[in-house]
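Structure, as structure tokens:
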Amino acid sequence: RCFWMIFLIAMSTSPIGIYMSLLMQTAHGASPALAGYVFAAHSIAWTAAAVVTARIPARGVRTALVLGPLLMALGFVGLSVTMATGPIAAIALAIVVEGTGIGTCWAHVGSLVLGSARANEEEATAALIPSTQLFAGAFGGALCAIIASAVGLTRDASPAVASATGQVLFGVFAFSALAAAVIARHGGL
């Protein structure tokens with residue numbers, strides 16, 4: 001079940017990494033620098049949450065495993081809503097919430113995976129974590145491209161098409177984060 005969480009969480013980050021800067025520039029006229037700063041806020045939130053939650057006691061790990069994906073889903077819903085109307089500050093807030101969600105749970109999922117390895121299978125189990133991440137990233141990237149193409153995103157897309165693409169992408173990927181939360185809550189982790 002932990003590998004499903006790794007897959008779903010890693011996959012759900014795809015639209016931010018692939019399309020966020022383009023969508024902000026096209027839909028809201030943000031400069032490349034501003035779009036980069038907003039994307040950096042995602043990474044900073046992720047890192048800050050990971051540092052803060054790294055020392056939670058064992059009894060709080062399950063809460064972090066559920067709370068993280070729920071925060072991610074909330075951030076994605078916020079991105080879906082604000083992508084059409086803005087303002088950029090609201091988009092930045094939503095991306096910070098999403099990044100905070102990843103940082104809240106990510107290390108704990110990995111720790112559970114490593115702790116559940118069978119004797120003499122520790123190395124193989126550890127190797128599956130980045131392999132799962134890579135597969136999830138590839139799958140998420142492909143799904144993003146399919147969705148963006150279906151909505152009509154092209155190099156010459158209008159602001160309206162870029163906004164609609166963001167709304168659909170982030171709305172769809174919110175379900176991936178919610179699925180991770182369900183697994184954490186009901187999957188016996």
Side-chain angles (χ1 to χ4, degrees), residues 1-21 24 34-80 82 88-117 122-141 144 169-170 173-189:
R1 292 181 188 109
C2 288
F3 280 109
W4 276 110
M5 282 193 69
I6 289 171
F7 178 83
L8 291 166
I9 290 168
M11 182 184 77
S12 71
T13 64
S14 298
I16 290 175
I18 297 170
Y19 287 109
M20 190 68 201
S21 295
M24 285 187 58
L34 179 58
Y37 291 135
V38 171
F39 183 74
H42 177 256
S43 300
I44 292 167
W46 179 337
T47 303
V51 168
V52 168
T53 62
R55 291 200 163 112
I56 62 172
R59 68 182 183 279
V61 168
R62 187 149 191 262
T63 301
L65 290 171
V66 175
L67 180 62
L70 288 176
L71 285 171
M72 291 175 66
L74 179 64
F76 279 123
V77 169
L79 286 169
S80 182
T82 59
I88 291 176
I91 294 170
L93 177 61
I95 204 168
V96 164
V97 169
E98 192 276 340
T100 299
I102 298 169
T104 298
C105 66
W106 188 252
H108 301 294
V109 176
S111 179
L112 281 175
V113 167
L114 294 175
S116 68
E122 294 89 353
E123 292 85 8
T125 302
L128 280 175
I129 294 172
S131 298
T132 303
Q133 283 179 268
L134 289 171
F135 178 67
F139 186 82
C144 282
L169 274 173
F170 298 125
F173 280 83
F175 288 103
S176 176
L178 282 175
V182 169
I183 290 170
R185 175 75 175 97
H186 299 291
L189 301 179

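Reckoned from all heavy atoms, side chains included, excluding hydrogens, waters and symmetry mates.
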Rounded to the nearest 0.5 Å, how far does [atom2] of [Y] lie from [atom1] of [X]?
{"X": "Met20", "Y": "Ile95", "atom1": "CE", "atom2": "CD1", "value": "4.5 Å"}
{"X": "Leu79", "Y": "Met72", "atom1": "CG", "atom2": "CE", "value": "11.0 Å"}
{"X": "Leu128", "Y": "Phe3", "atom1": "CG", "atom2": "CZ", "value": "4.5 Å"}
{"X": "Leu93", "Y": "Ile88", "atom1": "CG", "atom2": "CD1", "value": "14.0 Å"}
{"X": "Thr47", "Y": "His42", "atom1": "OG1", "atom2": "NE2", "value": "10.0 Å"}

If we only count heavy atoms from C-beta on, is the [X] to [Y] side-chain gap below 4.5 Å?
{"X": "Leu112", "Y": "Met5", "result": "no"}
{"X": "Phe173", "Y": "Met11", "result": "yes"}
{"X": "Val77", "Y": "Phe170", "result": "no"}
{"X": "Ile56", "Y": "Thr63", "result": "no"}
{"X": "Leu65", "Y": "Thr104", "result": "no"}
{"X": "Leu114", "Y": "Ile129", "result": "yes"}

Donor-acceptor contact below 3.5 Å, side chain [X] vs main chain [Y]:
{"X": "Thr100", "Y": "Val96", "answer": "yes"}
{"X": "Ser131", "Y": "Ala127", "answer": "yes"}
{"X": "His108", "Y": "Thr53", "answer": "yes"}
{"X": "Ser176", "Y": "Leu8", "answer": "yes"}

What closest approach, in Å, do [X] and [Y] show between heavy atoms, and which atom pair accounts for it?
{"X": "Pro69", "Y": "Ala64", "value": "CD-O, 4.3 Å"}
{"X": "Ala174", "Y": "Phe76", "value": "CB-CB, 3.6 Å"}
{"X": "Cys144", "Y": "Tyr19", "value": "CB-CE1, 3.6 Å"}
{"X": "Leu70", "Y": "Ala181", "value": "CD2-CB, 3.8 Å"}
{"X": "Val38", "Y": "Ala92", "value": "CG1-CA, 4.0 Å"}

Residue pairs passing the side chain to side chain donor-acceptor pair (under 3.5 Å) test where at least one lies in residues 6-15, sequence neighbours excluded
none
